[in-house]
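Predicted, not measured: the structure shown is a model, and the values here were computed from it. The chains referred to below are lettered A, B, ... by the order of the sequence lines, with proteins before strands, and numbering in each begins at 1.
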Amino acid sequence: MKWLKEIMDWSEVWATLIPLTFFVIKKPGKSWVKPVLIYLIISFVFFLIVDLTFKSKTLGLEAWCKRVFSWLYVGEDEGLNNTIFYNLISITRLLMMTWFFSIINKGYHKIHRILAILFIAFVVINFGFFENVLIDFSSRTLTTEAAILLLFCLLFIYHVNLDDEIASPGALPEFWVVTGLTLYAAINFFIFLFYRYLIRTAEVDFAKGVWYVHNSSFIILNLFISAGFYRAAKNNPDNR
Amino acid sequence: MITFLVDITFMITVGIASMLLLAAGFLLIIVVNQKKKWLLQKQMSQLKVSQQNMLIEGAIKSEENERHRIAEQLHDEVGAILSSVRLHFSNIKIASLDTSDNQLYEKSKVLLDDAIQKVRGISHNLHSTLLKEFGLNDAVSHFISKTLQGTLIETEVELDETPLILNQQTDIGVYRIIQELLNNIMKHAKATSIKVSSSVMNNILCYKIKYNGNGLSQEEFETLRYKPEGLGLKNIMNRIIFLKGNIHYEKSKEENSISLLIPISVQ
């Protein structure tokens, strides 16, 4: 079971490589691919740093990590605190997905823009006055992001439902990405909401277990993004 | 504290499961609903097409009946009267007429013969007797030779000799389309050469009409057939829709062409 644990621990890194590989091989020529691709690249880099710092002892990279990521060092007990990357990934995800939804669901672009601006304002106020972006796992930011993402997804699905021209939503490449995002945001809403509480006050083992649920949903998200890329490439006349 | 921990872990688990079920259920409902909606729309559009076809069929049938009625009345009534006039006319004693009256008599006789021929011609064109008795090829050839007779238009006809037994609707439909197309060419193209050919391949009857002069492109045809003055083109298209066929217009400086493709069942 140790190997399964290792695979799951590194899932945030390798899972992003699945859609990235699909992108390189299939070359989906759609405008909405760009924001998703940027999100995937940033996620890959940040999650790689997260897992490298988290596994630095086992990998024998502790000294190197402490030197390179000295600004993450919070003390002898906790060592390197990588939660800033989760906060940054959350902000990146919301911004990139706002861009993504503005492309695929043009009818609601005002709502997307307003909510993205409100989110940025919320993040600035939260990290400016209430939480430390460097050391606090911001349940508030991640939960708000999940809620906004869910709303964007529901708006898109509503738009698809209204469109009589769409015979099968599965034929739309972007619908696959949105399905992945819907499941990811729905599953993680409660995880993000209580995670800070769990790691601070409650049983840490349960928090670790719950984070594997997050990782599993992240794998599902990446698989759905890959399916979206595959579909988009299939619909691309240049690839025929 | 332990009780609270159990509660929070239970709450989170239930929360995650509920959210997952809600999201998955919602997505499933949307996909199924969209599929149902699309199927319903497809059925509606099929119904619309079949209704349209029924209307076209009704219009074509009533037009054909009307043509028959007019043809029969022309032949049986006007034709009979004219023949009777011709008979009476021939009984006039021309020996008692002077030269000027004799000339008038001869001129009137020629005109009367011409009128009888014209009435017969119109009657035959309107009636599809020739088509019923001799088949499509003979009817088309006869129509071309009769219509273009006495004009300066150079004509060439090459029709596929494959023995075809088409149903009456297809026969009449193709015949009327060819009639209308040739009438249009004569009226508008100022052509000096017309070549009509036909072939049968893969259960498709293909008529090709090549002509010079002012041609019509597919785009022009599509535009004209929706205009109120384009009644002939509308009729052509209605008959093509009814026969589930296709027509394609090509326009060029050297030679214009019209391809008519009609699916048939060869017997």
A side-chain contact here means heavy atoms from C-beta on lying under 4.5 Å apart; do B:Thr13 and A:Phe190 qualify?
no

Within a radius of less than 6.0 Å around CH2 of A:Trp176, do more than 12 heavy atoms belonging to other residues, nucleotides or ligands occur?
no

Check whether more than 12 heavy atoms from other residues, nucleotides or ligands sit under 6.0 Å from atom OH of A:Tyr212, and answer yes or no.
yes

Considering all heavy atoms, the nearest B:Leu27-A:Phe175 contact:
CD2-CZ, 4.0 Å

What part of B:Lys35 is in contact with chain A, defined as an atom under 4.5 angstrom from a non-hydrogen atom: side chain, backbone, both or neither?
both

Is it true that atom CH2 of B:Trp38 has more than 12 heavy atoms of other residues, nucleotides or ligands lying nearer than 6.0 Å?
no

Contact winner vs chain B - A:Thr182, A:Ile187, A:Asn161, A:Leu150, heavy-atom pairs under 4.5 Å
A:Asn161

Tell me whether the count of non-hydrogen atoms from other residues, nucleotides or ligands lying under 6.0 Å of OH in A:Tyr230 goes above 12.
no

Are more than 12 heavy atoms from other residues, nucleotides or ligands located less than 6.0 Å from atom CD of B:Gln218?
yes

Indicate yes or no: at least one non-hydrogen side-chain atom of A:Asn188 is less than 4.5 angstrom from one of B:Met19.
no

Verdict with supporting geometry, B:Ile8 and A:Tyr197, side-chain contact (heavy atoms from CB on, under 4.5 Å)
CA-CA 10 Å; B:Ile8 194 92; A:Tyr197 170 79; 4.1 Å; yes

Could you give the distance from CZ (A:Phe189) to CD1 (B:Ile16), rounded to the nearest 0.5 Å?
12.0 Å

Checking the side chain of B:Gln34 only, and the main-chain atoms of A:Asp163 only, is there a donor and an acceptor separated by less than 3.5 Å?
yes

Does atom CG (B:Asn65) have a neighbourhood of more than 12 heavy atoms from anything else shown, all under 6.0 Å?
yes

Min side-chain heavy-atom separation B:Ile12-A:Phe206 under 4.5 Å
yes

Above 12 or not: heavy atoms from other molecules or residues under 6.0 Å from CE of A:Met8?
yes

So for B:Gln41, is it side chain, backbone, both, or neither that comes closer than 4.5 Å to the heavy atoms of chain A?
side chain

With heavy-atom distances below 4.5 Å as the criterion, would you say the side chains of B:Phe26 and A:Ile157 are in contact?
yes

Structural part of A:Leu162 lying under 4.5 Å from a heavy atom of chain B:
backbone

